[in-house]
Amino acid sequence: MTYKPHCVLITGATGDFGRAFVDRFAAIGSKIIVHGRDAKKVDAIVKALKVPAYGMVCDITDTKGIAAAIDAIPDAFKDIDLLVNNAGGALGLEKAQEANLTDWDAMIDMNVRGLVHMTRHILPRMVAAKRGHIINIGSTAGNWPYPGGHVYCAAKAFVRQFSLAIRADLQGTHCRVTNVEPGMVETQFSLARFKGDEARAKSVYANTTPLKAEDIAEAVFWCATCPPHMNVNSIEIMPTTQSFSPLAVERFA
Ligand code: 8X3
């Protein structure tokens, strides 16, 4: 490790990924800004941490709320040098022609609008300090489309290209951008996608060995602690038990 982040803002920190990221950076003594929309859960994490921590409560889909919450960050936590854009998720797995438009809007708001607003608010300080790192949590879904993935796949493809494109703007600022692209990880992700259907969510991870949130935390930590002259553009991680299938071909009788 050659770079120790001073102050890390983690969005969606009350979820499985977020919590693993919080713990990984707290273990090396970074200050942590714990973002979430549930004040009680945010507060419980802040209280449990042994490093300086601040709770930032707002809904990632509420762009005015994001701006206000960032304005309210106390001076002692304003030196954010790592933003982990982790908040997001998938809703539904129906075919595009049957999918719910409300789910589509929500996925765009969570995975795209929230992430770009958060990034836009935080970047100027990083640029002024000539020090900073945005780590976006993308997905293999941004690279490999699958049936029922539609807007989730597209949103994560957006995150990938947004990550790469902003690197071009940050040329000369010493600020870094990374897209971390996990495949199958056993978390509450599927429970949210299937709207509380536990049996269906469990079946996604049945009889295989998925990744754990801690595996992704380790990857995020490695990207963030690389020497400052090194930028990991993207890193795609799958469980060994997950790989690729042939393209589908319609065959006529
Ligand atoms: C989660 C991976 O394959 O369920 O981002 O979309 S997948």
*Asks:* Could you pull out all residues at least two apart from Tyr205 that satisfy ring pair (Phe, Tyr, Trp, His ring centres under 6.0 Å)?
*Replies:*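 Ring pair (Phe, Tyr, Trp, His ring centres under 6.0 Å) list for Tyr205, sorted by chain: empty.
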*Asks:* With a 4.5 Å limit on heavy-atom distance, are the side chains of Arg160 and Glu181 in contact?
*Replies:*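 Sidechains of Glu181 and Arg160: in contact.
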*Asks:* Scan the side chains in residues 119-127 for donor-acceptor partners under 3.5 Å anywhere in the protein, sequence neighbours excluded, and list what turns up.
*Replies:*
residue : atom : partner : partner atom : Å
Thr119  : OG1  : Asn85   : ND2          : 2.9
Thr119  : OG1  : Leu115  : O            : 2.7

*Asks:* Is there a side-chain contact between Tyr54 and Val34, using heavy atoms and a 4.5 Å cut-off?
*Replies:*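 Not in contact.
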*Asks:* When you check the side-chain N and O atoms of Glu236 and Trp144, is any donor under 3.5 Å from an acceptor?
*Replies:*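 Present: a donor and an acceptor within the cut-off.
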*Asks:* Testing the basics here: between Ile73 and Lys78, what is the closest heavy-atom pair and its distance to 0.1 Å?
*Replies:*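 Looks like O-NZ, 2.6 Å.
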*Asks:* Can you find a pair of side-chain heavy atoms, one from Cys226 and one from Arg176, that are under 4.5 Å apart?
*Replies:*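 Result yes, sub-4.5 Å side-chain heavy-atom pair found.
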*Asks:* Please test Phe21 against Phe25 for ring-ring contact (aromatic ring centres under 6.0 Å, His included), starting from the C-alpha separation and ending with a verdict.
*Replies:* CA-CA 6 Å; Phe21 302 161; Phe25 288 101; 7.7 Å; no
*Asks:* Looking just at side-chain N and O atoms, do Thr14 and Asp38 make a donor-acceptor pair shorter than 3.5 Å?
*Replies:*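 Absent: no donor and acceptor within the cut-off.
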*Asks:* Look at Asp62 together with Arg37 and state whether they make a salt bridge at an N to O cut-off of under 4.0 Å.
*Replies:*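 Looking at Arg37 together with Asp62, the answer is no, because their closest N to O distance does not fall below 4.0 Å.
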*Asks:* Determine, for Lys212 against Glu186, whether the closest basic-nitrogen to carboxylate-oxygen distance falls under 4.0 angstrom.
*Replies:*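 Salt bridge between Lys212 and Glu186, a charged N being under 4.0 Å from a carboxylate O: no.
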*Asks:* Group every Ile, Leu, Val, Met, Phe, Trp and Tyr by side-chain heavy-atom contacts under 4.5 Å, then state whether Met118 and Phe77 land in the same group.
*Replies:*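 Yes, it is one cluster - the side chains of Met118 and Phe77 are joined through contacts under 4.5 Å.
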*Asks:* Under a 4.5 Å cut-off applied to non-hydrogen side-chain atoms, are Lys130 and Cys175 in contact?
*Replies:*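 No. Closest side-chain heavy atoms not under 4.5 Å.
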*Asks:* Under 4.5 Å between any side-chain heavy atoms of Arg113 and Thr63, yes or no?
*Replies:*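 Yes, side chains in contact.
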*Asks:* Might you work through the side chain to side chain contact (heavy atoms under 4.5 Å, CB included) test for Leu49 and Val22, ending with a clear yes or no?
*Replies:* CA-CA 9 Å; Leu49 289 173; Val22 166; 3.7 Å; yes
*Asks:* Between Tyr152 and Tyr146, is the gap from one ring center to the other below 6.0 Å?
*Replies:*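 Here the rings of Tyr146 and Tyr152 have centres that are no less than 6.0 Å from each other.
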*Asks:* Are any non-hydrogen side-chain atoms of Val84 and Ile137 less than 4.5 angstrom apart?
*Replies:*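 Heavy-atom side-chain distance check passes, below 4.5 Å.
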